Amino acid sequence: MNLEAKKKVLRSFTYGLYVLTAKDGDEVAAGTVNWVTQASFQPPLVAVGLKRDSHLHALVERTGKLALMTLAHDQKAIAQDFFKPTVREGDRLNGHPFEPSPTFGLPLLTELPYWLEAEVRHLYPGGDHSLVVAEVVEAGVRREEKPLVMWDTGWFYGG
């Protein structure tokens, strides 16, 4: 296989940028993710690629619950803040305000325009990421915004 061609082809896939959160008691994790897609209308399913050696993966696997928020087109700096380990200080995660989600009490970043809560239906380990398939149980819109997409950031995560 031509490795350079493979990398370019995989990096040409379109991805949004999201912050995913999970919680188990007082233990909280949040991270920027981009391998996300809707996978079914009925029931409403989303599929997420989640790094297997992350604290976020451990919490999602343990609890079977996650919250996913879409970053707005001008929120690249917020995406960067969740590339590092999660620090909770009161009602802030990595310096950003959050509130508990209505169904599971998961952290929802109040600056982000779109959010959902989901319950894991399948977790398929594979390679360095697992494929998490989760059913959407609640969703909300704080405001309508154009989403942040990977291509517009100049970053690449894939290939």
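It should be emphasised that the depicted structure is a prediction, and the values quoted were computed from it without experimental measurement.
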Are [X] and [Y] joined in one hydrophobic group, where the rule is that I, L, V, M, F, W and Y side chains link up if heavy atoms are under 4.5 Å apart?
| X | Y | value |
| --- | --- | --- |
| Y15 | V149 | no |
| L10 | V33 | no |
| L59 | L56 | no |
| V136 | Y18 | yes |
| L108 | L68 | no |

Just by distance, do the side chain of [X] and the backbone of [Y] share a donor-acceptor pair under 3.5 Å?
| X | Y | value |
| --- | --- | --- |
| D91 | F98 | no |
| K23 | G25 | yes |
| T86 | A29 | no |
| T21 | P107 | yes |
| E138 | T103 | no |
| E111 | Q75 | no |

Working to the nearest 0.5 angstrom, can you tell me the gap between [X] [atom1] and [Y] [atom2]?
| X | Y | atom1 | atom2 | answer |
| --- | --- | --- | --- | --- |
| E99 | L109 | CD | CG | 10.0 Å |
| R11 | K6 | CZ | NZ | 9.0 Å |
| R142 | T110 | CZ | OG1 | 5.5 Å |
| L71 | L17 | CG | CG | 6.0 Å |
| I78 | M69 | CD1 | CE | 11.0 Å |
| L20 | N34 | CG | CG | 12.0 Å |

Any ring-ring contact (aromatic ring centres under 6.0 Å, His included) involving residues 108-135? Give me the pairs, sequence neighbours left out, ordered by first then second residue.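 Listed once each, the pairs are W35-H129, H122-Y124, H129-Y157.
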
For residues 58-85, pull every pair meeting ring-ring contact (aromatic ring centres under 6.0 Å, His included), keeping only residues two or more places apart or in separate chains.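 Qualifying pairs, neighbours excluded: F82-H96, F83-W155.
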
Nearest heavy atoms of [X] and [Y], plus distance in Å:
| X | Y | answer |
| --- | --- | --- |
| L66 | L106 | C-CD1, 3.3 Å |
| T153 | K76 | O-NZ, 2.8 Å |
| L93 | A30 | CD1-CB, 4.2 Å |
| V60 | A22 | CG2-CB, 3.8 Å |
| N94 | V87 | OD1-N, 2.6 Å |
| A118 | L116 | CB-CD1, 4.0 Å |

Determine all donor-acceptor pairs shorter than 3.5 Å in which one atom belongs to a side chain in residues 40-49; sequence neighbours excluded.
| from | atom 1 | to | atom 2 | distance (Å) |
| --- | --- | --- | --- | --- |
| S40 | OG | Q42 | N | 3.4 |
| S40 | OG | Q42 | O | 3.3 |
| S40 | OG | P43 | O | 2.8 |

Qualifying residues under side chain to side chain contact (heavy atoms under 4.5 Å, CB included), relative to H57, sequence neighbours excluded: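 Side chain to side chain contact (heavy atoms under 4.5 Å, CB included) list for H57, sorted by chain: L50, R52, S54, E61, L123, S130.
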
Residues that P85 engages under side chain to side chain contact (heavy atoms under 4.5 Å, CB included), provided they are two or more places apart: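 Per chain and number, P85 pairs via side chain to side chain contact (heavy atoms under 4.5 Å, CB included) with no residue.
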
Other residues, nucleotides and ligands only: do more than 12 of their heavy atoms fall within 6.0 Å of CD on Q38?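 For Q38, atom CD is crowded (more than 12 foreign heavy atoms under 6.0 Å).
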
F104 and E119, any side-chain heavy atoms less than 4.5 Å apart: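 Yes, side chains in contact.
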
Residues in salt bridge (charged side-chain N to carboxylate O under 4.0 Å, His left out) with E145, at least two apart?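 Residues passing salt bridge (charged side-chain N to carboxylate O under 4.0 Å, His left out) with E145: R143.
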
